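Predicted model only: the values in this text are computed from it and were never measured. What you see below is based on every heavy atom in this structure, not just the backbone, and it leaves out hydrogens, waters and symmetry mates. The first residue in the sequence is number 1, and the count goes up from there.
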Amino acid sequence: MRAAPTILHLDMDAFFAAVEQAAKPSLRGKPVIVGGLGPRGVVATASYEARRFGVRSAMPMAQARRLAPNAAYLVPRFTVYRTVSGQVMELLGRLSPLVEPLSLDEAFVDLEAGGAAYDGGTARAVGERLRADIRAVTGLTGSVGLAGSKMLAKIASEEAKPDGLVLIEPGTERALLAPMGVRTLPGVGPATEDHLRRAGMTTVADLAEAGEDELVRLLGKAHGASLYAMALGRDDRPVVAERDAKSVSVEDTFDVDLHDRVRVRWEVERLAERCVRRLRAAGRSGRTVVLKVRRYDFSTLTRSETLRGPTDDLVVVREAAARLLDAVDTTGGVRLLGVGVTGLADFTQEDLFAQASAGEAAAAAEALGGAGGVDGFEGAQEPVPAGAVSQGGAGAEVPPSEAGPGGAVEGGGGAGAGERRWAAGADVRHAAYGAGWVQGSGLGRVTVRFEEPWSEPGRVRTFRTDDPDLEPSDPLPLVPGGDQSPSATVPTSLPGEGADGRSRR
């Protein structure tokens, strides 16, 4: 614990949905829900307007549609989110060399390490200035928490939402935490909460009063001791600038169970290609290929094959995944497939090309406990065939389901040969009407709203899906005149200059 609140936690407000509202004037002030749009999709982010209807992240999309039937439902545009995230992270990097990103929209910053703050007054000024700079660069809002530890800084940012700043003065931690529910503390999920509730503990004060010995008896030595320390407000974890990813993986959930073995194999090969693209984009290679299969009855099988050395070769990964699939019974139907690579390294063993031969003996397969999502929240815009809904973990890990910048997918699934499919929310440009975004499509028609981030809400027009004048487009910057480059728009004033020092809840 520090004697000054110099650890900052930034959490962007409803990030994916806020980006979409900033890009689409007609959606501002209205409920917006981003995620997988198929019947098995999940909510990645809901705007605050949508949350008033009870919609939350990780909620099944079908449930969200029942709660907010008139909301705008959009597929994620990860290329845009990553660009805006890069702008925000650059601003944080100007405050300190110690920035620990947790996801695209969340990070810890050690202000003391960068000399940006040394007490409560300077920390508050830096936090207010950061919020102003984020708004100037991206047009978005973020909530800031400041405290003497990572745990308390994150709790403070939650208290500050939306668009606020909360500073917890060292020495006030126990009084602040006491009335809060046990779920406030890191590591307390639904199961632990239920276990503690049955023991008569529902607040952080109850944990502190129970004592370390009782919590160790209930939860085990490591978890019990850690929980007791946090209940007292103690957290000595440092801000870590780099966290090494342990695996890279992708998965798709399908609207309709797959029964055709040829189609299943094709999907595995496509997932292997996506996985290798992400692996190469990260400059990594891996030694173990993992296949994940969730069958019609929700039973999940995970199989792996360990190679002789690390590789990022598509043929090697694809054929290893195919061999793993050969050992899995899919006759009852498949609802989810995933391909991943673990045992990451920064180099590739060139002689692995020899492993590409399908007839070569495979390494022994072993069962692993699950391979889903992408460590470090990696996302990239990639095509997903009709009937497939990319789906990730709670909060944000919903990979996109559009192709290229505009989201047009040629054929695939139920589409006719050569028919373009347009993802809701994707950027497009028409030869006559200019820039716009896809509001919806179906029955050979696509509806487009023509507007720009800095314009008034635009008009809606409908075209044939194969209209030659309508093309996918790169996204426009969110701020007028912006070029998506932080260095071109970041204010040059020093952190804290001009800040009014007030906390806005």
Going by heavy atoms in the side chains, are [X] and [Y] under 4.5 Å from each other?
X: Leu325; Y: Thr330; answer: yes
X: Asp105; Y: Thr45; answer: no
X: Arg278; Y: Val341; answer: no
X: Val166; Y: Glu158; answer: no
X: Leu279; Y: Arg284; answer: yes
X: Val42; Y: Met59; answer: no
X: Leu337; Y: Phe254; answer: yes
X: Glu269; Y: Arg318; answer: yes

(message) Test side chain to side chain contact (heavy atoms under 4.5 Å, CB included) on Ser26 and Trp437; report intermediate values, then the result.
(response) CA-CA 11 Å; Ser26 59; Trp437 57 278; 3.6 Å; yes
Inter-residue atom distance [X].[atom1] - [Y].[atom2], 0.5 Å rounding:
X: Gln87; Y: Thr138; atom1: CD; atom2: OG1; answer: 6.5 Å
X: Leu146; Y: His9; atom1: CG; atom2: NE2; answer: 11.5 Å
X: Glu20; Y: Tyr81; atom1: CD; atom2: OH; answer: 3.5 Å
X: Leu165; Y: Arg124; atom1: CG; atom2: CZ; answer: 6.0 Å
X: Ser57; Y: Arg51; atom1: OG; atom2: CZ; answer: 6.0 Å
X: Ser249; Y: Leu271; atom1: OG; atom2: CG; answer: 10.0 Å

(request) Would you please test Leu140 and Asp13 for side chain to side chain contact (heavy atoms under 4.5 Å, CB included) and show each step? (result) CA-CA 8 Å; Leu140 307 178; Asp13 299 323; over 6 Å; no
Can you see which heavy atom on [X] is nearest to which on [Y], and at what distance?
X: Val75; Y: Ala423; answer: CG2-CB, 3.6 Å
X: Ala153; Y: Leu8; answer: CB-C, 4.4 Å
X: Leu291; Y: Ala321; answer: CD2-O, 4.1 Å
X: Ala71; Y: Ile33; answer: CB-CD1, 3.9 Å
X: Pro475; Y: Asp427; answer: CB-OD2, 3.5 Å
X: Val317; Y: Val289; answer: O-CG1, 4.0 Å

[X] and [Y] ion-paired at < 4.0 Å:
X: Asp11; Y: Lys154; value: no
X: Arg294; Y: Glu251; value: no
X: Lys24; Y: Glu451; value: no
X: Asp252; Y: Arg270; value: yes

(message) Just checking Arg459: does its CZ atom have more than 12 heavy atoms from other residues, nucleotides or ligands closer to it than 6.0 angstrom?
(response) no
(message) Are more than 12 heavy atoms, taken from residues, nucleotides or ligands other than Arg183, located less than 6.0 Å from that residue's CZ atom?
(response)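 Atom CZ in Arg183 is packed in, count exceeds 12.
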(request) Apply the test side chain to side chain contact (heavy atoms under 4.5 Å, CB included) to residues Leu10 and Ile134: give CA-CA distance (whole Å), side-chain angles for both, the deciding distance (0.1 Å), then the verdict. (result) CA-CA 11 Å; Leu10 171 72; Ile134 289 173; 3.7 Å; yes
Between [X] (side chain) and [Y] (backbone), is there a donor-acceptor pair under 3.5 Å?
X: Arg449; Y: Gly458; value: yes
X: Ser473; Y: Arg429; value: no
X: Arg131; Y: Asp163; value: yes
X: Arg28; Y: Gln21; value: yes
X: Lys161; Y: Gly142; value: no
X: Ser85; Y: Leu104; value: yes

(request) Scan for side chain to side chain donor-acceptor pair (under 3.5 Å) pairs involving residues 60-75, sequence neighbours excluded, and state none if there are none. (result) none
(message) Is there a salt bridge (charged side-chain N to carboxylate O under 4.0 Å, His left out) between Arg265 and Asp326? Walk through the geometry before answering.
(response) CA-CA 9 Å; Arg265 186 181 180 92; Asp326 289 340; 3.5 Å; yes
(message) Is the ring pair Phe463/Tyr433 parallel, tilted or perpendicular, if the boundaries are 30 and 60 degrees?
(response)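 The rings of Phe463 and Tyr433 sit tilted, inter-plane angle from 30° to 60°.
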(message) My understanding is that only one of Asp467, Asp466, Thr462 makes a side chain to side chain donor-acceptor pair (under 3.5 Å) with Arg464; could you say which?
(response)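 Output: one option passes, namely Asp466.
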(request) Report the residues that fulfil side chain to side chain donor-acceptor pair (under 3.5 Å) with Asp257, sequence neighbours left out, ordered by chain and then residue number. (result)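 For Asp257, the residues satisfying side chain to side chain donor-acceptor pair (under 3.5 Å) (neighbours in sequence not counted) are Arg40.
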(request) Go through the steps to decide whether Phe108 and Val240 satisfy the test side chain to side chain contact (heavy atoms under 4.5 Å, CB included), and finish with yes or no. (result) CA-CA 9 Å; Phe108 287 109; Val240 180; over 6 Å; no
